[in-house]
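Here's the structure, in structure tokens; my notes come after.
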Amino acid sequence: MADMQENMKSGQDQHNCAVSNSADPKNMQELTTYVQTLLQGMQDKFQTMSDQIINRNILYVQTKFLP
């Protein structure tokens, strides 16, 4: 649980930093790059959360059903 909270906190820090450091996109290329970066960040976070859920479920099953 503490790991998940720490991951969430660090993710929020990175998001806040990225938003505050980036200027408004001035053309289509900058907008495209900005959106791709946001989507990649979301995909990475989703993958991390999925991996954590799967690992926790595996550990739960191992402790619950194996002798």
Cluster check Leu39, Met49: I/L/V/M/F/W/Y, side chain < 4.5 angstrom: no

Among Leu31, Thr32, Thr37, side chain to side chain contact (heavy atoms under 4.5 Å, CB included) partner for Val35: Leu31

Walk me through whether Gln29 and Thr33 qualify under side-chain contact (heavy atoms from CB on, under 4.5 Å). CA-CA 6 Å; Gln29 178 69 30; Thr33 302; 3.7 Å; yes

Value for CD (Gln52) from CD (Gln47), rounded to nearest 0.5 Å, stands at 11.0 Å

What I'd like to find out is whether the side chain of Ile53 reaches to under 4.5 Å of the side chain of Arg56, using heavy atoms alone. no

